[in-house]
Amino acid sequence: MTKEQTLSMIKPDAVQRNLIGPIISLIEASNLVIKQMKMLQLSIEQAENFYRIHKDRDFYSKLIEYMTSGCVVVLALEGDNAIKVYRDLMGSTNPLEAKEGTIRRLYGTNITHNSVHGSDSLENAIIEIDFFFK
Ligand code: IDP
Ligand code: MG
């Protein structure tokens, strides 16, 4: 197994509902170690840059509006196969399709307000950790 780092974000819908603690508990229970963490409100420029691969999607403007609507918590997580371990812990993008016990199934409200973000590849994990913690 290879030790990796991944970027996690607790999104505004979860921060607003006092779910930072429960989500961090699930992360720690999955043997992922928090290496760096901070709370901030994304600017429109930051949100647009972070989600630039989705700029041509119909949900993009709604996504940017939502992601800048309140504070987020960003965390750099480390562990064996951290990228997959954390993607599995999050569950599917749509909370209705996410497996029992996953963060999105437990806490997500809908496909936009799905409580958490996680890097989807080693390459993007490096870019995203750099984005917030350089
Ligand atoms: P992911 O977060 O599971 O990696 P992505 O496809 O990368 O999913 O989408 C980024 C974010 O954009 C999602 O987490 C969600 O907040 C939002 N999103 C994705 N697909 C849709 C959609 O079909 N409608 C509305 N919002 C969406
Ligand atoms: Mg994604």
Side-chain angles (χ1 to χ4, degrees):
M1 292 217 251
T2 47
K3 199 178 246 192
E4 295 172 347
Q5 287 200 6
T6 191
L7 192 277
S8 161
M9 191 186 321
I10 304 175
K11 295 182 176 181
D13 67 282
V15 172
Q16 276 157 14
R17 287 177 290 144
N18 274 2
L19 293 171
I20 297 170
I23 290 171
I24 287 178
S25 292
L26 291 169
I27 288 170
E28 293 189 323
S30 298
N31 288 328
L32 293 164
V33 177
I34 298 169
K35 303 296 284 187
Q36 305 192 73
M37 175 164 80
K38 67 182 173 188
M39 190 170 194
L40 71 153
Q41 185 158 4
L42 293 176
S43 66
I44 291 170
E45 290 72 21
Q46 279 176 309
E48 285 179 345
N49 189 6
F50 190 78
Y51 280 119
R52 63 192 175 280
I53 59 156
H54 295 305
K55 70 174 170 15
D56 297 323
R57 305 293 293 276
D58 57 350
F59 60 80
Y60 181 69
S61 58
K62 208 166 81 174
L63 178 63
I64 300 306
E65 188 184 333
Y66 156 60
M67 289 301 298
T68 56
S69 67
C71 286
V72 299
V73 176
V74 287
L75 310 94
L77 306 178
E78 188 175 273
D80 289 334
N81 296 317
I83 294 160
K84 182 177 189 318
V85 167
Y86 183 60
R87 291 288 298 190
D88 288 348
L89 177 62
M90 286 201 303
S92 299
T93 308
N94 185 348
L96 292 173
E97 291 166 11
K99 285 192 187 135
E100 221 43 79
T102 60
I103 295 171
R104 284 167 164 171
R105 176 64 173 262
L106 285 165
Y107 303 124
T109 306
N110 57 53
I111 196 167
T112 306
H113 302 89
N114 59 3
S115 300
V116 279
H117 166 84
S119 307
D120 61 8
S121 65
L122 194 56
E123 185 191 4
N124 282 334
I126 292 164
I127 292 168
E128 291 177 358
I129 290 169
D130 223 49
F131 185 89
F132 288 110
F133 296 110
K134 198 166 182 173

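All values below were derived from every heavy atom in this structure, side-chain atoms included, with hydrogens, water molecules and symmetry-related copies excluded. As the structure lists them, so they are numbered: ligands from 1, and atoms in each ligand from 1. None of the values given here were measured: they were computed from a predicted structure.
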Geometric cation-pi criterion Lys38 and Phe133, 6.0 Å radius, 45° cone: yes

Test of proximity, Asn114 against ligand 1: N or O pairs below 3.5 Å: yes

Identity and separation of the nearest protein heavy atom to atom 25 (C) of ligand 1: Thr112 OG1, 3.1 Å

Arg57 to ligand 1, any heavy atom closer than 4.0 Å: no

Option set Met90, Arg87, His117, criterion heavy-atom distance to atom 4 (O) of ligand 1, minimum: Arg87

Distance-only donor-acceptor pairs under 3.5 Å for side chains of residues 1-9, two or more places apart:
| unit_1 | atom_1 | unit_2 | atom_2 | d |
| --- | --- | --- | --- | --- |
| Glu4 | OE1 | Ala82 | N | 3.3 |
| Glu4 | OE1 | Ile83 | N | 3.1 |
| Gln5 | NE2 | Glu78 | OE1 | 2.8 |
| Ser8 | OG | Tyr86 | OH | 2.9 |

For ligand 1, the portion of Met9 having any non-hydrogen atom under 4.0 Å away: neither

Heavy atom of the protein closest to atom 17 (C) of ligand 1 (residue, atom name, distance): Leu63 CD1, 3.8 Å

Close approach of His113 to ligand 1, heavy atoms, under 4.0 angstrom: no

Distance-only N or O hit between ligand 1 and His54, under 3.5 Å: yes

Identity and distance of the protein heavy atom lying nearest atom 24 (N) of ligand 1: Ile111 CG2, 3.5 Å

Spacing of Ile23 atom CD1 and Leu75 atom CG [to the nearest 0.5 Å]: 9.5 Å

Heteroatom proximity flag, Tyr51 to ligand 1, N/O under 3.5 Å: no

Minimum side-chain heavy-atom gap Thr109-Arg17 below 4.5 Å: yes

Gap separating the NZ atom of Lys99 from the CG atom of Leu89, nearest 0.5 angstrom: 12.0 Å

contact_flag Arg104 ligand 1 heavy-atom lt 4.0 Å: yes

Which segment of Lys11 sits under 4.0 Å of ligand 1 when only heavy atoms are counted: side chain

Protein contact to atom 18 (N) of ligand 1 [nearest heavy atom, distance to 0.1 Å]: Phe59 CE1, 3.5 Å

Parallel, tilted or perpendicular: rings of Phe50 and His117 (30°, 60°): perpendicular

Cationic N near anionic O, under 4.0 Å, Arg105 to Glu100: yes

Nearest-contact summary for atom 1 (P) of ligand 1 - protein heavy atom, Å: Thr93 OG1, 3.6 Å

Spacing of CE belonging to Met90 relative to CG belonging to Leu106, to within rounding of 0.5 Å: 13.5 Å

Atom pair CD/CG of Glu48 and Leu63 - distance to nearest 0.5 Å: 10.5 Å

